[in-house]
Amino acid sequence: MSQLQPVRGTHDLLPDEMRRYRFVVDQARAAAECFGYHEMATPIFEFSEVFKRTLGDTSDIVTKEMYTFTDRGGETVTLRPEGTAGVARAFISGGLAQHLPLKYFYSGPMFRYERPQKGRLRQFHQTGIELLGVADPIGDVEIIATGVEFLRRIGAWERCYLEINSLGDAESRKAYRDVLVAYLSAHKDQLSKESLERLERNPMRILDSKDEGDRKIVADAPVYSDHLNEASRDFFQRVLAGLDALGIAYKINPRLVRGLDYYCHTCFEIISNDLGAQGTVMGGGRYDGLVGIMGGTETPGVGWASGVERCMMLLQQDPPARRPIALIPVGAAAERECLVLADQLRRLGLYAELGYSGNVGKRMKRANKLNARVAVILGDDELAKKVATLRDLDSGEQREIAMDALAQQLEAY
RNA sequence: GCGGGCAUAGCUCAAUUGGUUAGAGCGCUGGAUUGUGGAUCCAGAGGUUGCGGGUUCAAGUCCCGUUGCUCGCCCCA
């Protein structure tokens, strides 16, 4: 083992992995484009305020997971831990409110200082979409449909399930929060240590506790859906009706709560059982309050983010690598000829590999290792006749082709 | 941030109770084959046993520390 190791929780994407990475992101982008989402990118770091303000001072991300540093100008900046805050910031700083509704797709690295484990990295990648300016539940339905379509395309949807819940509007949320805190406070002595902390910071999280004692108390806790106001209840029903219409199966999980403060109404996760403790492949929801919190004019928003590495783990097979045409010269004259031929083929958009050294046998071996589809063998014999020997490496069939017709012939591969 | 497990060749793994020069398969390189790949055969290269310290006549093996990985908690993608 070398002494030179990558920073903890980061890893290299070598070509085999990069192919899988690209496949996932390409499918996400393609699916999103079918729904009218346009790709955009924001910087991978922002003023720390951007994340602090939007994620809430008490969230785990802000309290312990941010990569924050001071730059040479004395500014405090943070490597983005998620994508939505940056998009919202761009929306405000770009004065884009006049172009609503906006539909954005993004993908790129995110950074969280956490203890790495399977499916959890310090630098990981997300791809996501944001729909800004649509207050109607049809927006919630559409983004979920987009996510499902993406997962279908990578063959992962079959092994995932959708959990959904409503966080209600601000009014419902506040009302419920009061009732819940009152109930839990009455059972303070029985709560786990973690949950006692959560009681202060984020009491709704206690509903999702895995501690057995907590679960007993939670079982009898007031149920949120009973405390949703009329408008919130109606909103949720319309989202569910949309999913029904699209034939998207879901499981209502009343304990599903988002850690981030700006979510309201719909929140959902798409989860796989095949990934161990970190099974969430996609998470999202509605964040009507976010743009307002950041100082923009109130603008409704819905979106999701999906972990690229986690999606990669769900791929059943590796996306195929492109197969080259191998050019195999024999002799110095042919060498020159192949160099030119390769250039011609590449201008046609074909993938041509030039063996760099060795005799025919060695070059053939190398061509085979590259999984070449066909080999073009060019020697003095061929040059004299103005032909090339074309060998199909799958069938082993071999024939001579006139040089004039060669490029055209190869385009078929 | 907390708790458990693991670390031997590029990869997957051996190595008896602590005992000689740390082995095998795959992969890699070369050859059989200087105008024909895959299959086969032959040969070769490749190791500070993660790192540092300790115990011992003797450490891959035992002890301590450290780094990394891994599984779980927390939280999430």
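The structure presented is a predicted model; accordingly, all values stated were derived computationally and were not measured. Note on naming: letters A, B, ... go to the chains in the order of the sequence lines (proteins, then strands), and numbering restarts at 1 for each one.
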Inset, instruction - Classify the nucleic acid contact of A:L121 as base, sugar-phosphate or nothing, counting any heavy atom under 4.0 Å across all strands shown. - result: base
Legend entry - Protein-nucleotide distance (A:E114, atom CD; B:rC73, atom C1'), rounded to Å: 13 Å
Legend entry - Euclidean distance, atom CG of residue A:D392 to atom P of B:rU36 [Å, nearest integer]: 19 Å
Legend entry - A:S107 and A:T127 side chains, donor-acceptor separation under 3.5 Å: no
Inset, instruction - Looking at every strand, decide which applies to A:M110 at a 4.0 Å heavy-atom threshold: base, sugar-phosphate, or nothing. - result: nothing
Legend entry - Nearest listed nucleotide, side chain of A:I377, among B:rG1, B:rC69, B:rU36: B:rU36
Legend entry - Between B:rU40 and B:rA9 - C1' atom distance, rounded Å: 25 Å
Legend entry - Integer angstrom distance from the P of B:rC26 to that of B:rC42: 11 Å
Legend entry - Options B:rA77, B:rG37, B:rG35, nucleotide nearest the side-chain atoms of A:F124: B:rA77
Legend entry - Rounded C1' spacing from B:rC73 to B:rG10 in Å: 35 Å
Legend entry - A:K369 side-chain N/O to B:rU29 phosphate OP1/OP2 under 4.0 Å: yes
Inset, instruction - Under 4.0 Å between any heavy atoms, over every strand shown, what does A:E309 touch: base, sugar-phosphate, or nothing? Just pick one. - result: nothing
Legend entry - Touch class at under 4.0 angstrom, heavy-atom based, for A:D380 against every strand present: base
Inset, instruction - Please evaluate the base of B:rG35 for a donor-acceptor partner in the side chain of A:E382 within a cut-off of under 3.5 Å? - result: yes
Legend entry - Distance in Å, A:E411 CD paired with A:I325 CD1, rounded so as to fall on 0.5 Å steps: 9.0 Å
Inset, instruction - Look at all strands and tell whether A:G355 reaches a base, only sugar-phosphate, or nothing, counting heavy atoms closer than 4.0 Å. - result: nothing
Inset, instruction - Among B:rC2, B:rC74, B:rG37, find the nucleotide with the atom closest to the side chain of A:R115. - result: B:rC2
Inset, instruction - May I ask you to establish whether A:R323 and A:Y351 are in a cation-pi arrangement, using a distance under 6.0 Å from NZ or CZ to the six-membered ring centre and at most 45° from the ring axis? - result: no
Legend entry - For atom CD1 of A:I325 and atom P of B:rU36, their distance in whole Å: 22 Å
Inset, instruction - Would you mind classifying the nucleic acid contact of A:G358 as base, sugar-phosphate or nothing, using non-hydrogen atoms under 4.0 angstrom? - result: nothing
Inset, instruction - Let me know the distance between CD of A:Q117 and P of B:rA77, rounded to the nearest Å. - result: 15 Å
Legend entry - A:E269 vs A:T280, side-chain hydrogen bond (donor to acceptor under 3.5 Å, both in side chains): CA-CA, chis, key distance, verdict: CA-CA 7 Å; A:E269 282 184 18; A:T280 303; 3.1 Å; yes
Inset, instruction - Whole angstrom is fine here: how far is it from CG in A:D16 over to C1' in B:rC11? - result: 13 Å
Inset, instruction - Could you tell me whether the side chains of A:Q123 and A:Y67 share a donor-acceptor contact shorter than 3.5 Å? - result: no
Inset, instruction - Starting from C1' on B:rA77, measure out to CG on A:L162 and report it in whole angstrom. - result: 16 Å
Legend entry - Side-chain donor/acceptor of A:R120 to base of B:rA77, under 3.5 Å: no
Legend entry - Side-chain donor/acceptor contact of A:N368 with base of B:rG37 under 3.5 Å: yes
Legend entry - Rounded interatomic separation in angstrom, taking CD from A:E400 and C1' from B:rU36: 14 Å
Legend entry - Any donor-acceptor N/O pair, A:R20 side chain to A:M312 backbone, under 3.5 Å: yes
Inset, instruction - To the nearest Å, give me how far apart NZ (A:K118) and C1' (B:rA77) are. - result: 15 Å
Legend entry - Contact under 4.0 Å: A:K362 side-chain N or O vs B:rG31 OP1/OP2: yes
Inset, instruction - Classify the nucleic acid contact of A:V330 as base, sugar-phosphate or nothing, counting any heavy atom under 4.0 Å across all strands shown. - result: base
Legend entry - Pairwise P distance, B:rC74 and B:rG47 [rounded to whole Å]: 45 Å
Legend entry - Phosphate contact (B:rC69 OP1 or OP2) by A:R8 side-chain N/O below 4.0 Å: yes
Inset, instruction - Go through B:rC69, B:rG37, B:rG1 for me and flag the one nearest to the A:P116 side chain. - result: B:rC69
Legend entry - B:rU8 and B:rA15, which share atom name C1', separated by this distance in whole Å: 9 Å
Legend entry - Under-3.5 Å donor-acceptor pair between A:R391 side chain and B:rG37 base: yes
